[in-house]
Amino acid sequence: MLEEIIIAGFGGQGVLSMGMTLSYAGMLEDKEISWMPSYGPEMRGGTANCITIISDSKISSPIISEFDTAIILNQPSMDKFESRIKEGGLLIYESTNIREISKRKDIEIIGIPAAQEALNMKNGRILNMIMLGAFLEKRPVVKIESIIEALKKVLPERYHNTLPLNREALERGASLTEIASGVLS
Amino acid sequence: MSAEELTLIEKTDKNISEEADALTNSDAAVNICDADEYSVVYERPHTLLDVNMHYCPGCAHSLVHKLIMEAVEELGIQEDTIGVAPVGCAVFAYDYMNVDMQEAAHGRATAVATGIKRLLPDKYVFTYQGDGDLAAIGIAETIHTINRGENILIVFINNAVYGMTSGQMAPTTLAGMKTTTSPFGRDTSVYGYPIKVSELISQLPGSFYVTRQAVNKNTAVRKTKKAILNALNYQKLNKGTCFVEIIGNCPSNWKMTPLESNDFIDEHMVKTFPLGDVKLPGAEDLKQLNQTGDKQPC
Amino acid sequence: METKLMKGNEALAEAAIQAGCDAYFGYPITPQSEVLEYLAREIPKYSTKEHIRVVLQAESEIASINMVYGAAGAGFRVMTSSSSPGISLMQEGISYIAGAELPCLIVNVNRAGPGLGTIQPGQGDYFQATKGGGHGDYKLIVLAPSSVQEMADFVFLGFDLADKYRNPVMILSDGAIGQMMEKVTFGKYNVHKTEKPWATTGKPESRGRNYITSLHIQPEKLEVHNLKLIEKYKEIEKNEVRYEEIMTEDAEYIFVAYGLSARICHKAAIIAREKGIKAGMFRPVTLFPFPSKRLNELAETAKLFLTAELNSGQMVEDVRLAVNGKVNVEFYGRLGGMVPNPEEIVNKLENLISKENVS
Ligand SMILES: Cc1ncc(C[n+]2csc(CCOP(=O)(O)OP(=O)(O)O)c2C)c(N)n1
Ligand code: SF4
Ligand SMILES: [Mg+2]
């Protein structure tokens with residue numbers, strides 16, 4: 001297994017931490033991982049992205065130009081990365097914010113209204129976990145349990161009371177893929 | 001927002017200042033209001049380029065840029081002014097200030113300014129520096145430049161942290177203040193006390209006018225403007241270095257809203273760094289200044 | 001053994017603590033400020049009355065490297081880290097440290113230059129690191145990590161080599177390796193303690209006084225000192241060459257790259273193999289001593305070497321010297337903080353191969 005993922009959006013949408021949580025979960029499952037952030041300018045306010053790679057064997061380049069999956073949280077990132085998804089790859093995008101969607105026919109495209117859903121769940125910060133849940137439903141590269149374990153490690157103790165909410169968000173994201181796929185087919 | 005980052009940003013292809021030049025010089029501006037009915041009450045100084053600044057919202061840097069450029073405009077010395085930008089969040093000051101400028105290595109701005117002023121003694125030369133730049137890595141240059149009495153203006157933005165590199169401790173960080181490199185608060189037994197640069201350099205005979213101001217409220221802004229205006233003007237006298245310290249804010253790295261950061265200045269910063277003039281020119285000097293008149297190369 | 005997910009800079013800092021680093025002196029600069037920040041947070045937990053451990057933010061890189069000089073001269077395990085502009089400022093101090101034969105660790109998380117340049121990764125400091133850097137005739141041992149694990153491992157190795165040879169060691173990394181996160185396992189190394197009878201610890205009755213200096217005012221004496229240093233560098237070249245080879249056994253085309261570039265070339269070699277091109281990769285791990293001998297051997301069988309760097313062509317000169325005309329050595333570089341992707345490098349190789357076939 002080798003899954004090369006780009007996660008991109010605005011700073012503050014939890015782009016970097018989504019990749020980090022996924023990496024952590026991969027580590028807990030004894031997989032090889034690499035997480036390469038766009039550091040510097042883009043981290044605050046502007047756009048942020050990270051390349052996360054999960055693999056069963058040693059990872060060569062942490063910097064790649066084509067991805068198996070793109071998880072896209074804003075329009076500029078959609079414009080920048082949609083053409084760089086490999087044939088047969090997966091594009092998951094946040095559908096309340098993004099209006100212009102890739103027209104490619106050779107990849108699977110799924111819109112998840114994660115921002116809206118996060119509002120429904122009364123916590124804007126779990127947007128990224130909803131997206132992650134959707135991704136893992138389509139590409140179960142790590143188990144949800146490992147994500148929860150990872151969150152325990154990544155989150156400071158005082159936030160551990162949000163673990164059930166995070167789990168709910170992951171599950172919500174997963175179930176939204178069915179609805180989204182259903183509409184498409 | 002950390003600017004080392006922001007700064008080095010997105011401006012790959014276009015030279016922003018050229019672009020801005022083109023804009024300001026074009027006749028494209030449409031007059032939407034009738035001059036008889038409306039009068040202009042406030043305008044951006046023409047010495048400040050019409051571009052978006054990279055500073056975080058509410059940051060003092062942008063405001064102080066404007067004040068310096070207003071002063072340059074009011075004195076009519078745009079053609080005779082040369083600025084030196086630091087390494088710090090203001091590293092891109094040259095993208096905003098529409099005067100000739102040089103970008104110095106970290107801490108070396110006053111040495112660069114010395115080089116300029118010694119060869120162009122009739123020009124108005126200023127440096128614009130943060131506390132890391134001026135009081136840490138560049139403290140030797142700062143002291144020696146002022147000790148030589150270089151006839152320049154030093155504008156010193158004291159925001160008590162390294163803004164650009166994301167909030168590390170600066171020589172001016174308050175005792176007990178938490179930063180990324182003083183995570184338990186500045187321990188004075190390890191790092192000593194915040195350096196009061198204005199008081200320190202006022203001891204040097206080479207300093208001519210030394211003042212500490214702020215820009216966290218309207219009255220303070222007006223005083224700062226006046227200080228910069230005077231300091232630039234004093235260059236005509238060739239009597240030594242003018243030093244305007246401005247207590248700035250860094251909402252991003254202080255982890256505060258801009259308003260909270262303004263209050264923090266009143267509640268904490270000014271206790272360590274009291275505002276006001278530290279060293280003033282004598283009456284004789286000022287008399288001479290009045291005789292030299294306005295709008296001439298210094 | 002303990003496995004963690006860490007940034008390269010953090011792994012390096014953690015390794016410093018575990019390798020028994022007594023003191024760290026540094027000044028913030030992107031993209032390596034995490035080292036100072038991590039140590040500012042963590043070192044105080046380890047400092048005791050019996051074993052004082054120090055982390056100090058200096059007022060500049062000039063001060064940092066001279067603090068290193070002092071503490072190393074007093075016999076302690078010390079280090080500093082910075083990125084390109086700061087390393088330039090340290091050059092005077094490094095020259096003194098090399099002259100006085102003080103063991104210490106200097107980390108350069110290379111960003112692209114010249115001047116302020118940008119904060120994105122670069123390899124433009126290769127010449128500076130491997131050819132001396134400051135004034136006078138001296139060498140650093142230069143280690144080039146290409147993973148977060150190696151960011152940690154080379155701290156242990158670096159301190160040991162520094163102590164063994166009484167020589168400054170540089171870890172030459174880059175912004176990407178410093179900022180990326182990977183798994184890193186600690187606990188593989190033992191901490192070695194080296195006796196340092198030459199250190200200025202205060203003179204007991206039992207010995208003469210120790211002094212640390214790089215001054216040898218009489219040319220005759222300086223020349224003796226110079227020759228002694230050169231002997232040491234030869235010894236290092238004999239014992240400490242390190243490199244990694246990937247798919248080189250049957251390779252006709254060999255990428256030569258270090259650090260981040262090597263990671264990219266590794267992938268490029270995989271892609272090339274998928275396309276039926278017999279490609280491999282050779283990665284110098286020590287940049288000084290440079291693995292010239294092995295490169296020369298590989299030149300016997302390979303058709304072409306392609307060196308890839310994040311600069312305008314620096315290490316390629318050493319590769320050419322190593323193979324001494326036996327094989328054609330080509331170069332591919334990106335500049336300004338731009339990082340090539342593996343496909344780009346494969347394209348370059350394909351172009352070269354087709355040219356070769358035409359001629
Ligand atoms: C030789 C060197 N060392 C370190 C740096 C990294 N650096 C850039 S700006 C800065 C500090 C800026 O702080 P300050 O002068 O207070 O300006 P501010 O951003 O707060 O306005 C540092 C350490 C550098 N560019 N060059
Ligand atoms: S708020 Fe701080 S980090 Fe942001 S621009 Fe101002 S000084 Fe720099
Ligand atoms: Mg500052």
Side-chain angles (χ1 to χ4, degrees), chain B residues 2-13 85-89 91-92 94 102-108 130-143 161-173 178-187 189-192 195 253, chain C residues 9-10 13 23-45 47 52-65 81-90 109 111-122 175 179 335-338:
Chain B
S2 153
E4 173 151 42
E5 320 193 324
L6 271 182
T7 47
L8 295 165
I9 318 188
E10 289 172 7
K11 20 181 315 284
T12 38
D13 304 327
V87 178
C89 278
V91 70
F92 278 128
Y94 58 77
Q102 297 192 16
E103 160 56 29
H106 193 28
R108 319 297 173 213
D131 37 64
D133 194 82
L134 179 141
I137 194 166
I139 191 90
E141 282 80 357
T142 305
I143 288 181
V161 286
Y162 289 9
M164 188 190 214
T165 45
S166 305
Q168 293 86 2
M169 185 183 58
T172 49
T173 295
K178 281 187 185 163
T179 69
T180 56
T181 52
S182 57
F184 314 109
R186 179 182 183 140
D187 179 349
S189 72
V190 177
Y191 283 111
I195 301 182
N253 288 305
Chain C
N9 288 334
E10 293 169 345
Y24 171 94
F25 305 101
Y27 186 76
I29 186 167
T30 314
Q32 66 76 54
S33 296
E34 291 85 358
V35 181
L36 172 60
E37 290 170 356
Y38 188 94
L39 292 173
R41 212 166 54 230
E42 298 298 323
I43 279 198
K45 296 181 192 160
S47 186
I52 298 174
R53 302 181 78 170
V54 173
V55 53
L56 197 69
Q57 177 178 335
E59 70 274 22
S60 70
E61 293 84 353
I62 300 177
S64 311
I65 194 70
S81 67
S82 187
S83 178
S84 310
I87 297 290
S88 288
L89 275 184
M90 290 184 190
V109 183
R111 62 190 231 186
L116 268 184
T118 176
I119 55 177
Q120 300 303 322
Q179 292 294 327
L335 299 163
M338 298 298 293

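The sequence lines fix the lettering, A, B, ..., with proteins before strands; numbering per chain opens at 1. These numbers come from a predicted model, not from an experiment.
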| note | Heavy-atom closest pair (C:Y27 atom, B:G132 atom, distance to 0.1 Å) is OH-O, 3.8 Å
| request: Show the numbers, then the answer: is there a side-chain contact (heavy atoms from CB on, under 4.5 Å) between B:I139 and C:E59? | output: CA-CA 9 Å; B:I139 191 90; C:E59 70 274 22; 5.5 Å; no
| query | How long is the span from the OG1 atom in B:T181 to the CG atom in C:L56, to the nearest 0.5 Å? | reply | 10.0 Å
| note | Interatomic distance, CD@C:E37 vs OG@B:S182, rounded to 0.5 Å, equals 10.5 Å
| Can you name the salt bridge (charged side-chain N to carboxylate O under 4.0 Å, His left out) partners of B:E141, sequence neighbours left out? | B:R108
| request: Taking all non-hydrogen atoms of both residues into account, name the closest pair between C:I29 and B:T165 and its distance. | output: CA-CG2, 4.3 Å
| Separation of C:L89 CG from B:H106 NE2 (nearest 0.5 Å) | 9.0 Å
| field | With sequence neighbours excluded, residues passing side chain to side chain contact (heavy atoms under 4.5 Å, CB included) with C:A40 | value | B:P183
| query | Which answer fits C:P44, side chain, backbone, both or neither, if we ask what part of it has an atom under 4.5 Å from a heavy atom of chain B? | reply | side chain
| field | Region of C:V54 in contact with chain B, defined by heavy-atom distances below 4.5 Å | value | neither
| message | Tell me the closest heavy-atom pair linking C:Q57 and B:Y191, and the distance in Å. | response | N-OH, 2.6 Å
